[in-house]
Amino acid sequence: MSEPRSPRLAVLIDADNASARIADGLFEEIAKIGEASVRRIYGDFSHSRSKSWADVLQKHAIMPHQQFAYTSGKNASDITLVIDAMDLLHSGRFDGFCLVSSDSDFTRLAARIREEGVDVFGFGERKTPESFRQACRRFIYTENLHGGSEDAGDQRSPAKSNQQPPSKATPLIKKAIGELEGDDGWFSLGVVGNQLIKLYSDFDSRNYGIAKLSDLVRQTKAFDIETPKQGGTVRIRLKSGGK
């Protein structure tokens with residue numbers, strides 16, 4: 001029996017609103033989701049902000065689309081990206097789109113793609129407006145990616161200045177559990193994690209400086225954790241007296 005095919009993804013990068021330093025981490029993260037079948041980047045590569053991408057295009061097999069800024073205030077790159085996205089969407093060949101930008105102008109594009117039943121995964125900085133973040137099925141902050149820190153001399157990953165304490169995750173996890181149905185109050189950690197993403201598209205344990213959700217749950221000290229000795233599923237529940 002042949003192995004199931006990985007989801008086929010179209011990766012579209014707004015070079016004017018994404019740093020080339022995230023390239024390695026970006027494609028490592030995308031590989032966890034599926035296969036980056038199309039890899040395109042849009043921008044004016046004569047501009048200093050976008051020019052740095054030229055050094056990583058070949059390494060990651062990214063197809064550049066040069067858009068000169070002929071008129072001030074008019075972003076031809078955004079328009080071209082949107083046109084290409086719609087062409088790719090209507091080809092019916094893709095299971096998902098990865099939109100790499102911190103620009104809220106792509107909110108409607110993300111919403112339109114999802115209207116067709118196709119997943120959208122957004123990648124952008126923490127400054128990305130909520131409208132774009134919520135339009136995506138999942139939104140990953142580029143500060144959480146390897147090389148995502150804007151400070152080239154800062155080796156912390158993710159940038160600690162942007163991290164929140166684990167206690168801030170407690171009400172989010174409680175809300176996710178509260179919307180699940182169960183007989184004994186115990187829930188699979190995986191099910192809770194999926195519910196968190198449904199409620200908060202940008203939820204990520206790395207936002208709290210912790211790599212795994214299980215470790216984040218432990219750090220909050222607000223939940224009981226049941227870990228099977230041999231395989232099995234990790235389960236959690238609110239501690240007695242917790243609300």
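All residue numbers in this chain count up from 1 along the given sequence.
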Smallest separation among heavy atoms of Arg40 and His65, with atom names:
CD-NE2, 3.7 Å

Indicate, with yes or no, if Phe203 and Val120 share a hydrophobic cluster defined by side-chain heavy-atom contacts under 4.5 Å among Ile, Leu, Val, Met, Phe, Trp and Tyr.
no

Basic-acidic side-chain contact under 4.0 Å: Lys174, Glu179:
no

Got a sec: does the CD of Gln58 have more than 12 other heavy atoms crowding it under 6.0 Å?
no

Identify the heavy atoms of Arg133 and Thr128 that sit nearest to each other, and give their distance.
NE-O, 3.0 Å

Are Asp204 and Arg138 close enough that some pair of their side-chain heavy atoms sits under 4.5 Å apart?
yes

Geometric class of the Phe132/Phe106 ring pair [parallel <30°, tilted 30-60°, perpendicular >60°]:
tilted

Donor-acceptor pair, distance only, cut-off 3.5 Å: does the side chain of Asp103 make one with the backbone of Pro129?
no

Enter the distance from Leu196:CG to Ser201:OG here, rounded to the nearest 0.5 Å.
12.0 Å

Return yes if some donor-acceptor pair links the side-chain N/O of Trp53 with the main-chain N/O of Ala18 below 3.5 Å, else return no.
yes

Would a single hydrophobic cluster contain both Val100 and Val38, if residues Ile, Leu, Val, Met, Phe, Trp and Tyr are joined by side-chain heavy-atom contacts under 4.5 Å?
no

Gln134 vs Tyr200, test: side chain to side chain contact (heavy atoms under 4.5 Å, CB included). Steps then yes/no.
CA-CA 8 Å; Gln134 293 302 322; Tyr200 314 101; 5.7 Å; no

Contact between Asp14 and Ile41 at the side-chain level, heavy atoms closer than 4.5 Å - yes or no?
no

Any chance you could lay out the side-chain hydrogen bond (donor to acceptor under 3.5 Å, both in side chains) test for Ser104 and Ser131, step after step, and finish with the verdict?
CA-CA 7 Å; Ser104 63; Ser131 59; 5.0 Å; no

Can you list the steps and then say if Leu99 with Phe123 is a side chain to side chain contact (heavy atoms under 4.5 Å, CB included)?
CA-CA 6 Å; Leu99 303 180; Phe123 295 81; over 6 Å; no

Taking all heavy atoms of Ala76 and all of Gln67, pick out the closest pair and write down the distance.
CB-OE1, 3.9 Å

Roughly how far, to the nearest 0.5 Å, is the CD1 atom of Ile13 from the CE atom of Met63?
12.5 Å

Quick test of your reading of the model: are Lys59 and Asp24 salt-bridged, counting only N-O distances below 4.0 Å?
yes

I'd like to check Met86 versus Leu109 (side-chain heavy atoms, cut-off strictly below 4.5 Å). Are they in contact?
yes

Salt bridge present between Asp224 and Arg237 (N-O < 4.0 angstrom):
yes

What closest approach, in Å, do Arg137 and Ile197 show between heavy atoms, and which atom pair accounts for it?
O-CG2, 3.8 Å

Hey, is Glu143 close enough to Lys127 for a salt bridge, meaning N to O under 4.0 Å?
no

Which distance, rounded to the nearest 0.5 Å, do you find between the OG of Ser37 and the CZ of Arg93?
8.0 Å

Note: Ala20 and Ser52 closest approach over all heavy atoms is CB-OG, 3.5 Å

Within-4.5 Å side-chain heavy-atom neighbours: Asp119 and Ile113:
no

Under the side chain to side chain contact (heavy atoms under 4.5 Å, CB included) criterion, do Arg218 and Ile225 qualify, and how do the steps go?
CA-CA 8 Å; Arg218 288 189 180 91; Ile225 302 178; 3.0 Å; yes

Nearest 0.5 angstrom please: Arg21 CZ to Leu26 CG, how far?
14.5 Å

Hphob cluster co-occupancy, Leu199 + Phe223, side-chain heavy atoms under 4.5 angstrom:
yes

Within the structure provided, determine whether Val11 and Phe97 are in side-chain contact (heavy-atom separation under 4.5 Å).
no

Tyr208 side chain reached by Thr220 side chain, heavy atoms, under 4.5 Å:
no

Side-chain donor-acceptor contact under 3.5 Å, Asp44 with Gln66
yes

Contacts under 3.5 angstrom, residues 183-192 side chains, donor-acceptor by atom type, not counting sequence neighbours:
unit_1, atom_1, unit_2, atom_2, d
Asp184, OD1, Trp186, N, 3.1
Ser188, OG, Gly190, N, 3.2

Does Leu238 belong to the same Ile/Leu/Val/Met/Phe/Trp/Tyr cluster as Val234, with side-chain heavy atoms less than 4.5 Å apart forming each link?
yes

Would you say the side-chain atoms of Arg39 pair up with the backbone N or O of Leu12, donor to acceptor, closer than 3.5 Å?
no

Does Phe139 share a hydrophobic cluster with Leu145, counting links as ILVMFWY side-chain heavy atoms below 4.5 Å and allowing steps through other members?
no

Stepwise side chain to side chain contact (heavy atoms under 4.5 Å, CB included) test for Phe121 and Glu29:
CA-CA 11 Å; Phe121 302 92; Glu29 192 74 19; over 6 Å; no

Taking atom types as modelled and ignoring hydrogens, do the side chains of Asp84 and Tyr42 form a donor-acceptor contact shorter than 3.5 angstrom?
yes

With a 4.5 Å limit on heavy-atom distance, are the side chains of Gln195 and Leu180 in contact?
yes

Working to the nearest 0.5 angstrom, can you tell me the gap between Leu81 CG and Asn17 CG?
10.5 Å

Walk me through it: do Tyr141 and Asp202 pass the test side-chain hydrogen bond (donor to acceptor under 3.5 Å, both in side chains)?
CA-CA 7 Å; Tyr141 292 125; Asp202 59 350; 2.5 Å; yes

To the nearest 0.5 angstrom, please state how far the OG atom of Ser102 sits from the CZ atom of Arg126.
11.5 Å

Give the minimum heavy-atom separation between Asp16 and Ser77, together with the two atoms involved.
OD2-OG, 3.6 Å

I want to check something: taking the side chain as every heavy atom from C-beta on, are Gln219 and Ile210 in contact at a cut-off of under 4.5 Å?
yes

